[in-house]
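Please read all numbers here as calculations on a predicted model, not as lab measurements. Whatever order the structure lists ligands and atoms in, that order sets their numbers, starting from 1.
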Amino acid sequence: MSTGQIAALEQYHRDEVLDCTRCPLSEARTQVVPGNGDPHADLMFVGEAPGYHEDRQGLPFVGAAGQLLDQLLGGIDLSRDDVFVANVLKCRPPGNRDPLPAEIRSCEAHLFRQVSLIRPRVVCTLGNFATKLLSGRPDGITRVHGRELPIRLGELPVLLYPLFHPAAVLRAGALRSALEADFARIPSLLAADPGAPAPASPRLEEPTPAEPAPVAAGGPTQLGLF
Ligand code: URA
């Protein structure tokens, strides 16, 4: 990425995200959590929303779920400096409740703009909220985890790769082996020629990655947000 592009992401965060008042979550937050990492990362992770520690520190995934994310990244020889980590919501919902549809609608333009500036090749969605938003499909994470899906976000082709949320794995240890197995495929997804079909998933069922790329999250109306 050129210096100009890095500056563009920083400037977007400064101008549009850090003082955002698009939804009532801005009233209760300590800090906005735009996301952090390599602004030119090929690999981006999208979680759900900041929790208590993230809200205090202004950084994503700094609590227990973040430690697990760090471990999983280490397992594929990556660190947080190699990737960009963001969330569907940039502000903490009170008591860490689920994001509301109206909050997601208010905040989604920030995520789409981040994607358009970072231009990742692979976007790992962590859990249901990020997966449903970016796939534009209602399928839950239990069904679609580990199944890569070529999509377009705006005009940018990306490989969407849904994963269980690390916090879900901390609550239900039985999911850990699935998350580790899905993580182990990330290097081959990153190595794939972006113009070529994605490497076959061992878990392939319907829908297949060979399907035409959907326009994510609500269809053409969101194209205007980029
Ligand atoms: N921390 C985050 O930043 N996002 C999550 O989704 C969970 C924990």
Would you say His165 contacts ligand 1, with heavy atoms under 4.0 Å as the rule? yes
Ranked by distance from atom 4 (N) of ligand 1, the top protein heavy atom is Asn87 OD1, 2.8 Å
Would you mind listing which atoms of ligand 1 come within a distance below 4.0 Å of any non-hydrogen atom of Pro60? 3 (O)
Which label fits Phe183 and Phe45: parallel for a plane angle under 30°, tilted from 30 to 60°, or perpendicular past 60°? parallel
A student checking ligand 1 against Glu48 at a 4.0 Å heavy-atom cut-off should list atoms 5 (C), 6 (O)
Set of side-chain hydrogen bond (donor to acceptor under 3.5 Å, both in side chains) partners for Glu103, sequence neighbours left out: Arg97
heavy-atom search around atom 5 (C) of ligand 1 in the protein gives Ala49 O, 3.2 Å
Partner set under side-chain hydrogen bond (donor to acceptor under 3.5 Å, both in side chains) for His165, not counting sequence neighbours: none
With heavy atoms under 4.0 Å as the rule, classify the contact between Glu54 and ligand 1 as side chain, backbone, both or neither. side chain
Interfacing atoms of ligand 1 (cut-off 4.0 Å, heavy-atom, Gly47): 6 (O)
Quick check: do Arg121 and Met44 have side-chain heavy atoms less than 4.5 Å from each other? no
Does the side chain of Gln31 come under 3.5 Å of the side chain of Lys90 through a donor N or O and an acceptor N or O? no
Are Val62 and Val17 linked, directly or through intermediate hydrophobic residues, by side-chain heavy-atom contacts shorter than 4.5 Å (ILVMFWY only)? no
